[in-house]
Enquirer: 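I'd like to ask you about the structure that follows.
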Amino acid sequence: MRGYMKRMAAAAIAVVSVAGIAGCATNPVTGQRQISLISQSQEIQMGQQGSAEVEQSLGLVENNALQQYVQRVGGSIAAVSERPELPWKFRVVNDPQPNAFALPGGFIYVTRGLLPLMHNEAELATVLGHEAGHVTAKHSVTQMSRAQLAQLGLGLGSILVPALQKFGGAAGVGMQLLFLKYGRDDERQADDLGFKYALANRYDVRQMEDVFQALGRTQEAAGQSPLPTWESTHPGTAERIEAARARAAALPATTGALNAGEAEYAARIEGLVYGENPREGFFRNSLFLHPDSKFQLQFPQGWKTQNTTRAVFSGSPQQDAILQMTIAAGSPTQAAQQFASQQGITVMQSAQQNVNGLPAAVVTFEAVSEQGAIRGLVGFVAHGGSTYQILGYSAAQQFGSYQRLFANVVASFNRLTDQSALNAQPNRIKTIRLDRAMTLTAFNQRYPSTIPMAELAIINQVEGASSTMPAGSYGRRVSGGTAK
């Protein structure tokens, strides 16, 4: 289970309360005075909370050499920024979709899905620089200060989300920091800052255009991700490419040689999991299968689904009901008792039973959230030394139409015996330094990949099958995956 379902993360953000008159501070990038209700220490505290929840919820890529490499590149960016004193942290999270995001206080993350789209250290530096620019220019701090002044909540406004946070055991307040949306002027400023920081480190900033090209080509096929889409709040790809070209063209002739860092970058992403990792669970239509834990669970047909590190989520087409599966502590009976003992929970019915020969307990309950009453059904099933909590709920008035469906989902939990699912393996990135120039078609014939040619072209930063890859460059192939 991996990351958080888009639009189903916790909605409440724990921003500092304001007493008295709003304060002002100088923006370290612009030098201009602006309203700021959040001190630097409070900004760092929020970032630390969000960072801890990101790493627990999305999970980090388990590759120390890669993590240290990204921290080194990011650290060089932070050192030349306007706020070098922040506790800067740069990490790679285990999400397969291309993305990058910044939390207040200097906590920067890129997804493993973004790394194959970049071809060298210079490209990575410009992305990390862009995200660092959001922090140095205090974009999130400004947003939260304005929201407080306007007495506007930053939550999603759904009756279901606070209940998920309070009773579901999967969401945390710091995760909502990921869902702050910057204005397009902020994004343009962050692009400018990323360019400046990378250039100060002698990176070849002309590579920035290639990142935008690759992101633009993947935007339509991005699929589901537990994070907001990186491109969604940014200026259009064509505009960003043109701006990157203009910045590069304006470099003075005295700039001198700039570094790309292709070889080291290729070495660091060698063997990286590409796309979804089926060992962490995957969907066949609406059937969720988990090879490592050897179980399966049938979600409703037509519901949106998302697999994350700590939970599997499913939302109704009408967005008025949620299902989630997490791990609970203790036996099914103990977990049911613990759930029922939470403040605000009223048990309507409770029973011990077996689910496909596995010990289980099922509780029907009612609860009161900040927005109103909800009703739900939660099942606890023991399997493989763990207790799985399967929770379904809706607004109280809709529960009658969902109760049987929730019960059927709980009853579908079963052992996984399908050998094709049990043996599923992930695809991995392989890098090859080309001994001669060749077209992408010739490269794929010599080093076959398990992904479509159009996708292979994107990760090799070429237009198509007939495009030529120069001698000495590092080609990318994807291999190793098995059928799911």
Side-chain angles (χ1 to χ4, degrees), residues 1-2 5 164 167-170 276-317 321-340 345 347-365 375-394 399-425 482-484:
M1 296 181 284
R2 179 188 50 69
M5 187 176 185
L164 175 61
F167 305 120
E276 299 281 352
N277 186 348
R279 304 307 307 174
E280 298 169 348
F282 63 94
F283 280 93
R284 281 181 181 166
N285 297 318
S286 57
L287 178 64
F288 181 74
L289 307 107
H290 201 294
D292 281 352
S293 298
K294 299 180 180 179
F295 72 85
Q296 64 183 42
L297 185 70
Q298 179 67 59
F299 284 89
Q301 294 284 346
W303 283 40
K304 293 182 179 180
T305 57
Q306 180 66 50
N307 177 29
T308 76
T309 300
R310 294 176 63 194
V312 182
F313 294 100
S314 183
S316 66
I322 290 176
L323 279 156
Q324 74 168 54
M325 180 178 64
T326 55
I327 300 292
S331 68
T333 300
Q334 291 169 334
Q337 291 171 344
Q338 176 61 33
F339 181 90
I345 292 284
V347 174
M348 301 169 65
Q349 188 174 358
S350 178
Q352 296 184 14
Q353 61 187 63
N354 284 332
V355 171
N356 295 309
L358 302 170
V362 178
V363 175
T364 304
F365 68 93
R375 288 188 180 180
L377 181 147
V378 57
F380 300 91
V381 186
H383 171 64
S386 297
T387 295
Y388 294 87
Q389 174 182 291
I390 306 159
L391 169 66
Y393 58 93
S394 66
F399 180 67
S401 60
Y402 286 112
Q403 183 173 4
R404 177 170 293 184
L405 182 147
F406 292 157
N408 288 340
V409 172
V410 172
S412 74
F413 189 98
N414 206 347
R415 302 171 182 87
L416 177 60
T417 59
D418 182 337
Q419 286 301 314
S420 66
L422 289 169
N423 295 331
Q425 297 295 327
T482 56
K484 296 183 293 186

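Computed from a prediction, not measured in an experiment: that's the story for all the values here.
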Enquirer: Drop me the distance from Q301's CD to L287's CG, to the nearest 0.5 angstrom.
Expert: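 Spacing of CD (Q301) from CG (L287) equals 9.5 Å.
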Enquirer: How many angstroms lie between atom CG of L377 and atom CE of M348, to the nearest 0.5 angstrom?
Expert: 10.0 Å
Enquirer: Might you point out which heavy atoms bring L405 and P300 nearest each other, and give the distance in Å?
Expert: CD2-CG, 3.4 Å
Enquirer: Hey, does Q353 have a side-chain heavy atom less than 4.5 Å from the side chain of V355?
Expert: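 Contact flag for V355/Q353 side chains = yes.
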Enquirer: Answer whether the closest heavy-atom distance between the side chains of R279 and Q425 falls below 4.5 Å.
Expert: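 With C-beta onward as the side chain, the pair touches.
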Enquirer: So, do H290 and L416 sit near enough that their side-chain heavy atoms are less than 4.5 Å apart?
Expert: no
Enquirer: Which pair of non-hydrogen atoms, one from F380 and one from Q389, has the smallest distance, and what is that distance?
Expert: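 That would be CE2-OE1, 3.2 Å.
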Enquirer: For K304, does its backbone N or O pair with a side-chain atom of S314 as donor and acceptor, under 3.5 Å?
Expert: yes
Enquirer: Hey, does L358 have a side-chain heavy atom less than 4.5 Å from the side chain of R415?
Expert: yes
Enquirer: Of the non-hydrogen atoms in P359 and N354, which two are nearest, and what is the gap between them?
Expert: CA-OD1, 3.7 Å
Enquirer: I want to check something: taking the side chain as every heavy atom from C-beta on, are H383 and F295 in contact at a cut-off of under 4.5 Å?
Expert: yes
Enquirer: Going from CG on N307 to CZ on F282, what distance comes out if it is rounded to the nearest 0.5 angstrom?
Expert: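 Answer for the CG-CZ pair, N307 versus F282, is 10.5 Å.
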Enquirer: Looking at OG of S394 and CD of Q403, how far apart are the two atoms once the value is rounded to the nearest 0.5 Å?
Expert: 9.5 Å
Enquirer: Do F399 and T364 have side-chain heavy atoms sitting under 4.5 Å apart?
Expert: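 Yes, at least one pair of side-chain atoms sits under 4.5 Å.
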Enquirer: Do other residues, nucleotides or ligands put more than 12 heavy atoms under 6.0 Å from Q298 CD?
Expert: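 Above 12, so yes.
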Enquirer: Please round to the nearest 0.5 Å and tell me the distance separating atom OH of Y388 and atom CZ of F413.
Expert: 5.5 Å
Enquirer: Would you please classify the geometry between the F339 ring and the F365 ring as parallel, tilted or perpendicular, with 30° and 60° separating the classes?
Expert: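 Because their plane-to-plane angle is over 60°, the rings of F365 and F339 count as perpendicular.
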Enquirer: If I compare all heavy atoms of S386 with all of I327, which pair ends up nearest, and what's the gap?
Expert: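 So the minimum-distance heavy-atom pair works out to CB-CD1, 4.3 Å.
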Enquirer: Which atoms form the tightest heavy-atom contact between L323 and G392, and what is the distance?
Expert: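 The pair with the smallest heavy-atom distance is CD2-CA, 3.6 Å.
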Enquirer: Using only atom types and a distance under 3.5 Å, with no angle test, would you say the side chain of D418 pairs donor to acceptor with the backbone of S420?
Expert: yes
Enquirer: Nearest 0.5 Å, what's the CG-CE distance between L391 and M325?
Expert: 12.0 Å
Enquirer: I'd like to check Y393 versus Y402 (side-chain heavy atoms, cut-off strictly below 4.5 Å). Are they in contact?
Expert: no
Enquirer: Write down the atom of A329, the atom of A335, and the distance for their closest heavy-atom approach.
Expert: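 So the minimum-distance heavy-atom pair works out to O-CB, 3.5 Å.
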Enquirer: With heavy-atom distances below 4.5 Å as the criterion, would you say the side chains of F299 and V312 are in contact?
Expert: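 Yes, at least one pair of side-chain atoms sits under 4.5 Å.
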Enquirer: Taking E280's backbone N and O only, do any of them form a donor-acceptor pair with D292's side chain (distance below 3.5 Å, no angle check)?
Expert: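 Flag not set: sc D292 to bb E280 has no pair under 3.5 Å.
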Enquirer: With distance as the sole test, does T387 use its side chain to make a donor-acceptor pair with the main-chain N or O of G330 at under 3.5 Å?
Expert: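 A pair under 3.5 Å: yes.
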